[in-house]
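The model shown is predicted, which means the values in this text are computed figures rather than measured ones.
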Amino acid sequence: MFDLELGLDLSGDFYTRHFQPTPSEDTLILNMGPQHPSTHGVLRVILEIDGEYILRAEPVLGYIHRMQEKMGEVKRYEQYLPNMGRVDYLHALAWNWAYVGAVERLMGLEVPKRAEYIRVITCELNRINSHLLWWGAYLLDLGAFTPIMYAFQDREIVMDILQRVSGSRLTYCYYRFGGVSQDIDDIFIEKTKEFCAYLKPRLKMYKDLVTDNIILRKRVEDIGIIEEETLRKYGATGPVLRGSGIKYDVRRKEPYSVYSELDFEIPTASSKDALGRYLVRMQEIEESLKIIEQALEKIPPGPHISPQAPRRPKPPRGEVYFAVEGARGEIGVNLVSDGSAYPYRVKLRSPSFSNLSMFPEIAKGTLLADAVSILGSLDLVIPEIDR
Amino acid sequence: MDKIGLGVFLAHVLIIVAGGLVTVFARSLVRALTGLIATLFGVAGLYFLMAAPFIGVMQVLIYVGAVSILIFFAIAFTKSSHLGEEARPRKQSQWFFLLSVPGLVIFSLGYLLIKFIPQGFLQPQETQVKDLGGFFLGPYMLPFELISLVLLVAMMGAVILGFEKKIKRED
Amino acid sequence: MIDLSTIPSPLVQIVIGLIGVLAFVGLNGLVCVYLERKVAGHIQRRPGPFEVGPHGILQPLADAVKLVAKQMITPKGADPILYWAAPLISFAPAIACFLPLPFGPKLQNVSINVGLILILAFSSLNVLALCLAGWSSQNKWSLLGAARDIAQSVAYEIPLLLSLLPIILLTGSLNLAEITQTQGPWPWQWLVVKQPLAFIIFFVCVFAETNRAPFDLPEAESELTAGFHTEYSGMGFGLFFLAEYSYMVVGCALASILFLGGYQGPVASGWWWFLLKVYALLLVMMWVRWTYPRVRFDQLLNLAWKWFIPLSLLNILITALVVKL
Amino acid sequence: MSKQADSSICAYAYCSHEQTGYEKHFFITPASLLQHVQKLDELGYFLEDITCMQVKEGFLLTYHFNRWEKPGRLALRVLVVEEDKTIDSISSIYPGALWHERECYDFFGIVFKNHPSLIPLLLPPEMEERPLLKSSEKLRDLYELLPGCEQVLHAPRDEEFGQFIKECSQKGK
């Protein structure tokens with residue numbers, strides 16, 4: 001199907017027709033995805049390319065959309081909790097925390113100190129896991145096969161540790177309103193300490209093997225530079241923001257839980273490119289290890305869940321917003337309650353959504369290979385974007 | 001041995017003619033190019049038959065491996081609609097031109113070749129590569145250098161064209 | 001092993017040689033698949049194939065059966081003749097490339113005076129096959145893969161040829177057997193000692209010409225899904241696969257003949273030394289593939305045009321001066 | 001336990017971050033949205049998200065803004081009535097709003113004026129229904145949800161926002 005008079009290609013679906021460009025002899029419309037190795041899931045990007053230069057990129061979402069927000073309205077508070085592990089399957093505990101925290105804030109529920117520390121430890125372990133997977137997958141995007149196997153080897157240990165307390169390996173549902181579902185034991189503490197001691201030399205090895213490799217450096221240096229203005233206008237958060245030298249981290253700027261009692265740095269990089277985002281994530285793993293070690297030292301005895309914690313919460317009327325620093329940026333849960341056992345409105349603010357919305361702007365004028373590199377450096381989790 | 005030689009020769013001629021026909025009559029440009037490549041291959045085979053393996057190999061290396069690839073590049077990346085002018089059925093006059101000019105060339109060349117057949121060998125003799133090199137740097141020095149000059153000019157032209165395109169994109 | 005020179009008629013000799021080469025190519029494909037998977041596995045700290053046969057040794061056979069049994073799909077809108085001709089065009093010249101290779105002192109199919117050029121000419125046909133595959137698939141990713149392949153192959157063919165000229169200058173021959181014999185059995189008698197730069201340039205160019213990582217841009221799976229062979233299924237893909245491994249062997253064989261003394265080696269010269277060198281180089285290629293990320297396209301071309309071509313020209317100049325003075 | 005139910009913390013500009021996660025709330029009129037967002041842009045705020053909620057009075061659109069330097073989550077609230085489900089798009093100021101607005105259009109059918117491509121983002125393009133609309137028996141009044149703000153319908157507090165901006169510029173941000 002080719003309309004000769006208009007010069008428009010009428011084939012394709014709604015979106016290809018909608019994004020049809022200025023008709024030109026030299027350009028080509030390319031559908032990257034929804035099944036493409038480097039879109040990690042089911043993201044689709046419509047590209048208009050001239051040779052291998054990208055003139056325009058337009059992400060098309062919704063291939064894994066599950067209407068999480070509607071589910072939130074028709075399920076009771078405690079019924080909706082397991083959904084959170086499925087929003088971002090890589091940093092499930094941060095979403096757990098954001099939702100639990102929002103309900104706790106709405107109800108004015110106190111969380112015992114021990115539970116807070118357990119949350120910090122497990123959430124940071126999960127963050128390490130997420131960053132490790134990103135590291136492997138990103139290098140896979142750049143054509144290096146082996147690192148992802150190393151990353152999975154390390155991830156396996158973390159998943160074993162978390163399985164011990166939460167029962168699941170990927171889509172955790174561990175936090176409860178007012179605490180966590182199960183107390184940690186000595187074996188957990190011991191294994192976590194072992195893991196911290198194990199990962200540090202591994203990170204050193206990864207730096208020598210991968211980060212300092214000249215081919216990798218050439219692929220990420222000065223690629224996908226994002227200016228402060230762009231980041232602000234699109235509301236980017238997380239390592240993407242910190243990779244451009246802005247020290248914004250919810251754990252520090254809007255401290256929740258016991259993060260204000262812990263000593264850790266917010267790594268930033270001033271280069272603003274893909275390398276900056278890469279280095280920030282690698283340093284964040286080290287900082288997370290530092291946090292875990294401190295938290296293991298400081299963890300007080302006590303109950304792991306508040307005795308007042310209701311099994312079926314019925315929060316009072318009102319609206320809250322609870323923000324948590326996830327592996328990809330600021331996770332926000334905005335809850336509105338009408339006083340019943342069902343939330344009136346649940347809004348999930350996902351960091352990948354905002355980060356991806358920048359992509360058309362930063363991908364413009366780059367090479368196809370660089371666009372893949374940029375897309376990878378944003379660290380997207382598609383279920384989180386589509387929700 | 002002569003019969004085998006004749007058979008091989010005829011097989012090559014068949015490849016050359018069939019390739020040529022495909023080149024002329026194929027509707028798809030890339031198929032036509034494939035026919036052309038078959039023809040070039042057949043010619044390379046003839047060189048082998050004439051005990052000039054160096055020329056034959058060079059034919060494959062340069063014409064099949066490089067020139068036709070560049071032609072392919074030009075074809076595949078030029079957008080041409082299947083409703084364009086060249087896709088229409090040919091007119092009578094076009095058929096006339098198509099057949100007359102090449103026919104004239106073929107017949108006059110063939111006649112001249114048969115009439116003034118040059119002195120040759122019945123059994124092929126192999127020329128050493130070293131002797132060939134000697135020819136290029138000895139008696140045929142000037143043509144050889146002229147050809148390389150032509151190639152240099154072509155390369156410069158390509159570079160200039162490429163630069164123009166690049167500047168346009170940056171605007 | 002049969003001494004080929006004892007067979008009287010050259011035609012019979014060629015036929016037997018062809019059969020031998022075909023058998024070698026098929027067997028080599030199986031061995032390479034197994035090696036590649038095992039190397040990848042061990043580099044990635046896992047055992048690799050382990051289920052089919054002892055230590056997974058029958059895995060390549062299982063793979064082959066799977067490939068043969070798979071349905072061959074021609075995509076809608078593709079040119080069916082060219083689409084299925086492409087894998088054949090890719091595979092057939094690979095066989096021809098094996099003919100002039102001296103596997104052993106008396107183990108050479110065709111002792112042709114221009115053997116070196118013959119291999120280079122026939123291996124350049126692979127580009128054509130890849131282009132046809134990319135174009136006839138009627139898939140934009142395949143087309144992009146073909147475009148990359150043309151640019152890459154054309155760029156790397158030049159330094160590849162230029163890096164071999166010093167060898168020809170030194171040995172004064174294009175006959176592979178003669179070139180082998182100018183070198184001695186001991187490593188310091190090999191040409192790699194005289195021409196280390198040419199060896200490096202040649203070997204890197206072999207990576208690029210055979211589309212191996214880190215130069216596997218025509219099939220860069222994270223960028224172009226699978227590049228030129230995106231649409232191929234079953235044996236169509238299998239032939240590309242086989243051709244790729246065959247060209248790798250040809251490249252490594254050339255490297256070992258021209259630079260590492262071919263079948264000559266300390267103690268006892270023979271075809272075992274040749275195969276040992278070839279497979280050692282193949283292992284290096286696999287090692288590199290599973291270690292490095294992929295380079296970007298413009299970096300790849302810059303490497304060829306800005307570094308390898310000037311360097312190899314310089315190398316030729318120096319060699320010519322040394323040889324003549 | 002219910003510290004907020006009887007209070008009116010959230011009806012006015014300043015509210016407790018501990019209890020709600022917000023620093024400030026502003027109810028503004030739809031007509032003044034663009035100029036207010038413009039001012040926030042000048043002050044260096046970034047757009048966190050845009051959310052919408054159906055209430056009996058219509059649709060309450062909430063724009064969440066935050067800044068990097070210090071915590072200061074700020075919510076701009078605009079009420080859009082059922083009869084005229086249109087509002088200006090802020091994408092000319094914050095291009096990041098493009099997708100958030102498309103999401104609101106998907107879920108609620110709110111039309112954003114001057115949005116360059118208001119097409120479905122997450123839902124299939126052929127889908128007609130708006131999934132987050134509520135049936136009338138489930139709808140609640142705004143003041144039931146956000147206690148103490150029944151008057152905002154009639155008198156949006158633009159002047160509070162003006163006061164806030166003035167304070168900010170006096171402090172030099």
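Other residues, nucleotides and ligands contribute only 12 or fewer heavy atoms inside 6.0 Å of the OH atom of Tyr292(C).
Legend: salt bridge (charged side-chain N to carboxylate O under 4.0 Å, His left out) pairs involving residues 124-135 of chain C, not counting sequence neighbours: none detected.
Residues of residues 40-52 of chain C that come within less than 4.5 angstrom of chain A, heavy atom to heavy atom, are Ile43(C), Gln44(C), Arg45(C), Arg46(C) in numerical order. Close approach to chain C, defined as a heavy atom under 4.5 Å from one of its heavy atoms, is seen in Arg202(A), Met205(A) of residues 196-205 of chain A, taken by number.
For the set Val372(A), Ile148(A), Leu30(A), the entry with the most heavy-atom pairs within less than 4.5 Å of chain C is Leu30(A). Between chain A and the options Thr291(C), Val295(C), Asp298(C), heavy-atom pairs under 4.5 Å are most frequent for Val295(C). If you tally non-hydrogen atom pairs under 4.5 Å between each of Leu209(A), Leu367(A), Leu139(A), Val210(A) and chain C, the highest count goes to Leu367(A). Ranked by heavy-atom pairs shorter than 4.5 Å toward chain C, the options Ser373(A), Pro147(A), Ala369(A) are led by Ala369(A).
Across every non-hydrogen atom of Arg219(A) and Arg294(C), the tightest pair is NH1-O, 2.9 Å. Closest heavy-atom contact between Pro293(C) and Asn213(A): CD-ND2, 3.9 Å. The heavy-atom pair separating Trp141(C) from Asn31(A) by the smallest distance is CZ2-O, 3.2 Å.
Every side chain to side chain donor-acceptor pair (under 3.5 Å) that Glu284(A) has, sequence neighbours left out, goes to His131(A), Arg242(A).
There is no contact between Ile214(A) and chain C, counting heavy-atom distances below 4.5 Å.
In this pair, Trp290(C) and Phe145(A) present their aromatic rings perpendicular. The plane angle is above 60°, beyond the 30 to 60° band.
Between the CD atom in Glu52(A) and the CZ atom in Arg296(C) there is a gap of 11.0 Å [rounded to 0.5 Å].
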